[in-house]
J.: 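For reference, the structure I am asking about is given below.
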Amino acid sequence: MDKTFNPQDIEQQCYAEWEQNGYFAPSGSGDPYCILLPPPNVTGSLHMGHAFQHTIMDALIRHRRMKGDNTLWQCGTDHAGIATQMVVERQLNAKGLTRHDLGREDFVKKIWEWKEESGGNITQQMRRLGTSPDWTREAFTMDEDLSYAVQEVFVKLHEEGLIYRGKRLVNWDPVLHTAVSDLEVLNEEENGHMWHLRYPLADGSGELIVATTRPETMLGDSAVAVHPDDERYQALIGKAIKLPLTDRLIPIIADDYVDPEFGTGCVKITPAHDFNDYDMGKRHDLPMINILTSDAKINDNAPAAYQGLDRFDCRKQLVADLDAQGILVKVEDHKLKVPRGDRTGAVIEPYLTDQWYVAVDSLAKPAIEAVESGEIKFVPENWNKTYYQWMHNIQDWCISRQLWWGHRIPAWYDEAGAVYVGRDEAEVREKHNLGADVLLRQDEDVLDTWFSSALWPFATMGWPKDTPELATFVPSSVLVTGFDIIFFWVARMIMMTKKFTGQIPFKEIYITGLIRDENGDKMSKSKGNVLDPIDLIDGIELETLVAKRTSGMMNPQDAAKIEKRTRKQFPEGINAYGTDALRFTFAAMASTSRDINFDMGRVEGYRNFCNKLWNASRFVLMNTEEFDTGRAGGELSLSLADEWIIDRFQSTIADVEAAIADYRFDLAAQAIYEFTWNQFCDWYLELSKPILQDENTSEAQKRGTRHTLINTLEQLLRLAHPIMPYITEQIWQRVAPLSDVQDTSQSIMVQAFVEYDEAKRNSKAAGDIEWLKQCIMGIRNIRGEMDISPNKPLSVLLKNAGAEDERRLAATQNVLTKLAKLETLTPLATDEQAPACATALVGEMELMIPMAGLIDKDAELARINKAIEKIEKDMARTSGKLSNENFVSKAPEAVIAKEQAKLDDMTMQIAKLNEQKETIAAL
RNA sequence: AGGACUAUAGCUCAGUUGGUUAGAGCGCUACCUUGACAUGGUAGAGGUCGGCAGUUCGAAUCUGCCUAGUCCUACCA
């Protein structure tokens with residue numbers, strides 16, 4: 001074995017073997033355990049959030065697989081309508097073409113080509129992470145099966161009247177020329193203006209002042225509204241306004257919606273371009289005057305002067321004209337929320353169009369109940385509040401998109417515009433008795449991507465066919481995802497799965513935190529703080545990293561800033577840490593918090609941990625490979641240390657299992673780390689050396705220790721495997737044949753997980769070794785503080801050893817002498833006067849190191865004083881408690897006894913320390 | 001406006017139903033190339049648990065208020 005662990009050497013080959021051997025597929029026996037991968041965008045690439053969540057899912061899957069469950073990790077990708085279409089469109093644009101130059105059919109063909117080419121990118125990256133989904137079942141939302149399910153759902157919902165078509169105001173992205181859902185619109189506060197306009201009464205008897213943040217919409221005004229109880233305007237209700245710049249007369253209406261306290265208490269109403277105004281327009285039966293084209297230019301309904309102008313150019317022109325005519329009263333700076341498309345960043349327009357909707361009320365009800373009843377559980381639990389809040393205010397879902405990439409809506413129109421919904425044209429004709437002479441054309445639009453991903457839990461299992469997978473893996477066990485898609489995806493899956501299978505889609509929803517950069521900022525291309533998980537695995541040169549971060553910027557002027565930042569943060573580039581270190585880092589960060597600041601220092605620390613495990617294994621193998629480990633039988637005589645490490649390991653198993661059951665991978669990782677480094681390496685390996693290296697120990701003792709070494713390591717590897725698959729596999733292949741594992745022909749990943757065994761606990765050994773550790777640490781402390789070389793053998797005297805101390809001493813004298821580097825260890829007779837010594841306390845026993853020639857009087861006095869001070873501080877608190885009448889009378893007996901014991905112990909320690917102090921001071 | 005969350009060592013974070021001497025990793029200081037490991041070892045320094053008040057015999061932990069920050073939802077023209 002190499003002296004250091006080199007992850008690059010093994011990972012990819014190891015993965016290929018797993019995949020070839022078919023280990024990822026469900027075993028077909030055991031309890032079903034299923035995780036649905038949130039399908040990433042097919043043309044996307046792996047980011048830190050994916051890597052984090054995929055690590056957790058893989059750890060869960062590997063854990064359950066080893067426990068013997070029938071595990072399925074259902075993977076696949078999403079066609080991501082808007083995002084994917086944009087990518088390919090941008091490529092065309094670069095060649096000076098638009099999608100319209102190609103036409104729909106060729107454009108869609110182009111996207112499929114692009115998907116074939118780059119669609120495997122993210123799944124290849126997932127393989128680098130060591131994830132173990134069943135690739136043979138990999139699904140794509142536009143696959144034939146899934147498309148069939150989409151169609152089926154659409155038709156059935158339509159038959160039930162739950163899908164309908166209607167002309168409504170939608171969020172319109174004028175760049176993409178499509179409607180988008182509420183969730184795809186981001187509302188950010190921006191600096192804008194408030195324009196105050198003078199609207200004259202038609203009869204010339206006066207005027208009203210209205211205010212607006214979007215003055216160009218006045219061209220579509222169809223009323224001015226005031227509050228019905230507003231005394232200022234009572235007389236004006238019902239009168240008409242002469243709308244400036246147009247020749248229209250619009251009424252003054254009364255409506256509760258108007259807040260009389262705000263502004264002038266008069267509101268201009270533009271039903272075709274504002275959601276609130278739209279509702280009011282419906283209530284008052286106002287005309288809906290659309291003044292925009294689909295790319296947000298002014299249309300023919302506006303005065304000729306403005307027709308064809310872009311909305312923002314129009315705004316400038318119109319404000320200037322109003323100003324010139326004295327209609328503009330004033331302009332104020334005003335902060336307002338501007339709706340922007342989450343993909344394009346374009347300002348979204350409320351726009352009147354025909355769209356398809358899902359009526360969600362009846363679907364939402366059972367979906368809410370599924371969480372309320374506890375059938376579905378959020379982890380951490382309080383995310384259910386977020387879920388309820390949205391579900392109780394849910395709006396009908398606009399599912400049509402004016403795109404070319406996606407599932408075409410299965411609806412046909414005849415020449416009269418009548419609409420027919422069916423699985424295909426033939427079915428439509430048959431169902432509605434439409435002869436061949438009736439011309440039908442299919443709806444041009446496609447469905448929202450989330451419509452198909454909402455079917456993921458059952459469509460990937462073969463629905464609408466009745467398959468064994470449906471019966472076995474619905475509901476799935478747990479969904480691991482981020483809070484940002486609770487509405488987009490999680491809620492919709494619950495609604496659809498309930499509706500079409502009658503089942504819940506998953507029993508638990510584990511909501512992970514969001515990975516941020518080291519300063520707590522969201523990682524984004526424009527900030528230039530994005531980390532690529534693959535770069536952490538393979539490492540990356542500084543220049544390559546700079547180039548990667550600064551290429552393809554939306555704002556090229558950010559590049560210099562990003563370059564500077566990158567060079568400062570990674571002057572040497574990024575080291576290759578390997579997959580296991582990265583995965584362990586993710587596991588260690590998976591606590592309950594919402595935001596996770598990614599700290600490179602931790603990756604390095606866990607890389608070191610991998611190396612530690614590697615080297616410990618090297619030591620174990622060096623001492624077992626050429627020797628008898630008891631695999632074939634033979635007498636095993638276990639040392640105290642052997643019994644102790646077995647006990648500690650059992651305790652670690654229990655901790656890890658409890659942590660995984662709670663999705664606390666941070667605690668699981670910590671338990672593994674602590675055991676491996678602080679118990680196994682720091683103590684057990686050291687304790688085993690005297691036994692293995694001493695000629696006087698018997699063969700049975702050596703065999704016992706070798707057996708414990710190799711088997712503890714073997715089990716530790718299985719315990720750690722779900723988090724660190726590669727290094728554990730690599731080491732296990734060499735370790736297992738020396739251990740008690742019988743069938744070592746296969747991978748560690750299909751071995752049984754380690755099981756906690758109460759019978760292996762041993763509190764006596766645990767107590768004895770803790771005592772031994774205290775003795776050693778006491779002596780090391782004196783060495784450290786007194787600057788005595790670790791190499792200098794010491795003669796130590798023992799005072800006040802009780803019967804238990806003597807028993808322990810007899811059992812451990814050999815290792816104690818070796819590990820504390822002692823020359824002699826001599827008990828002091830009760831009446832014997834000790835020389836001046838530096839002393840370490842272990843319980844009531846004193847370990848004394850004679851000072852002559854070694855220890856400076858003042859230094860030892862200072863050390864003692866420090867110890868006394870520390871104890872006295874705590875003692876004051878404890879004795880204060882015990883002298884408090886209230887405490888003694890009200891606290892539980894056990895607590896009082898504990899405090900009393902603490903006080904007794906501290907009193908004893910202080911007495912001994914004072915005694916020492918006096919002896920030394922008297923020198 | 002409503003809702004949720006966060007505040008613990010220089011940094012990144014643990015701390016289970018109130019009872020510990022408040023922990024870990026990184027970083028820091030001193031010493032150590034000892035035979036698994038310098039991606040290491042040994043010892044050590046470092047915190048009035050954001051602030052104030054309350055409940056309690058006892059609060060990092062429970063309650064209220066305040067401060068700072070983050071996020072979500074809905075928004076007034």
Side-chain angles (χ1 to χ4, degrees), chain A residues 1 3-5 182 187 194 210-214 217 225 257-259 261-270 274-277 334 336-337 380 382-383 385-386 388-390 393 483-484 486-487 514 516 518 520 575 577 581 588-589 591-602 604-623 658 662 664 666-667 670 673-674 678 681-682 685 689 693 777 780-791 821 870-871 873-875 877-878 881 884-892 894-896 898-899 902 906:
Chain A
M1 275 175 98
K3 206 172 161 183
T4 50
F5 171 56
D182 298 348
N187 291 294
M194 179 85 86
V210 297
T212 179
T213 55
R214 296 190 299 154
T217 61
Y257 161 76
V258 179
D259 176 3
E261 305 292 316
F262 189 89
T264 57
C266 304
V267 190
K268 64 191 260 324
I269 303 300
T270 322
D274 181 281
F275 288 99
N276 290 311
D277 293 5
H334 182 72
L336 74 164
K337 293 281 179 77
N382 38 352
W383 284 110
K385 291 190 185 151
T386 306
Y388 292 141
Q389 193 189 356
W390 190 67
N393 297 300
F483 59 82
D484 46 337
I486 290 178
F487 308 141
L514 199 74
R516 298 170 173 278
E518 69 283 359
N575 282 325
Y577 295 111
M589 294 190 313
S591 69
T592 55
S593 63
R594 265 180 194 202
D595 296 307
I596 296 163
N597 296 355
F598 193 83
D599 178 11
M600 289 293 293
R602 292 187 73 171
E604 185 168 344
Y606 295 125
R607 187 270 318 259
N608 296 351
F609 174 66
C610 290
N611 190 56
K612 190 76 179 175
L613 177 61
W614 181 261
N615 273 290
S617 305
R618 212 156 75 94
F619 172 82
V620 172
L621 287 168
M622 280 170 60
N623 285 285
D662 284 343
R664 288 298 303 270
D666 58 327
L667 299 181
Q670 205 195 352
Y673 185 102
E674 206 276 339
N678 303 121
C681 292
D682 285 353
L685 296 189
K689 286 175 186 174
Q693 290 159 9
M777 289 192 289
R780 282 179 183 168
N781 174 275
I782 294 172
R783 277 188 196 272
E785 300 232 337
M786 296 297 122
D787 254 341
I788 302 170
S789 160
N791 298 321
K821 191 105 185 171
K870 196 176 164 193
I871 296 169
K873 217 173 86 188
D874 298 328
M875 206 160 86
R877 197 172 358 181
T878 304
K881 272 190 197 174
N884 181 339
E885 188 55 40
N886 279 325
F887 175 74
V888 180
S889 59
K890 292 187 181 167
V895 173
I896 296 171
K898 203 169 151 193
E899 290 294 318
K902 216 157 80 184
M906 288 190 287

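Just so it is clear: chains get the letters A, B, ... in the order the sequence lines come, proteins before strands, and each one is counted from 1.
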J.: Would you mind classifying the nucleic acid contact of Phe5(A) as base, sugar-phosphate or nothing, using non-hydrogen atoms under 4.0 angstrom?
T.: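 The answer is nothing, as Phe5(A) stays clear of every strand by at least 4.0 Å.
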
J.: Answer with base, sugar-phosphate or nothing: what part of the nucleic acid does Gln389(A) contact at a heavy-atom distance below 4.0 Å?
T.: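 Base contact - Gln389(A) has a heavy atom under 4.0 Å of at least one base atom.
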
J.: Name the nucleic acid region contacted by Phe487(A), choosing base, sugar-phosphate or nothing; use a 4.0 angstrom heavy-atom cut-off, strictly under.
T.: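 It contacts sugar-phosphate atoms only.
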
J.: Hey, does Arg607(A) reach any base, or is it just sugar-phosphate, or nothing, if we go heavy atoms under 4.0 Å?
T.: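 If one applies the 4.0 Å heavy-atom cut-off, Arg607(A) turns out to touch a base.
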
J.: Do Tyr606(A) and Tyr673(A) have ring centroids that are under 6.0 Å from one another?
T.: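 Here the rings of Tyr606(A) and Tyr673(A) have centres that are less than 6.0 Å from each other.
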
J.: Between Phe887(A) and Glu899(A), what is the shortest heavy-atom contact and its length?
T.: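 Shortest heavy-atom separation between Phe887(A) and Glu899(A) comes out as CZ-CG, 3.9 Å.
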
J.: Does Leu621(A) reach a base, just sugar-phosphate, or nothing at all? Heavy atoms under 4.0 Å.
T.: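 Result for Leu621(A) = nothing.
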
J.: Counting any heavy atom closer than 4.0 Å, what does Cys681(A) reach on the DNA or RNA strands: base, sugar-phosphate only, or nothing?
T.: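 Base contact.
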
J.: May I ask you to say what Lys873(A) touches in the nucleic acid, namely base, sugar-phosphate or nothing, with a heavy-atom cut-off under 4.0 Å?
T.: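 If one applies the 4.0 Å heavy-atom cut-off, Lys873(A) turns out to touch nothing in the nucleic acid.
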
J.: Please classify the nucleic acid contact of Lys3(A) as base, sugar-phosphate, or nothing, using heavy-atom distances under 4.0 Å.
T.: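 Sugar-phosphate contact only.
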
J.: Contact class for Asn597(A) vs. all strands (heavy atom < 4.0 Å): base, sugar-phosphate, or nothing?
T.: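 Answer is sugar-phosphate: Asn597(A) comes under 4.0 Å of backbone atoms only.
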
J.: Assign Ser593(A) to base, sugar-phosphate, or nothing according to its heavy-atom contacts below 4.0 angstrom with the strands shown.
T.: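 The residue Ser593(A) makes sugar-phosphate contact but no base contact.
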
J.: Heavy atoms only, 4.0 Å cut-off, all strands: where does Thr213(A) land among base, sugar-phosphate and nothing?
T.: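 If one applies the 4.0 Å heavy-atom cut-off, Thr213(A) turns out to touch the sugar-phosphate alone, with no base involved.
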
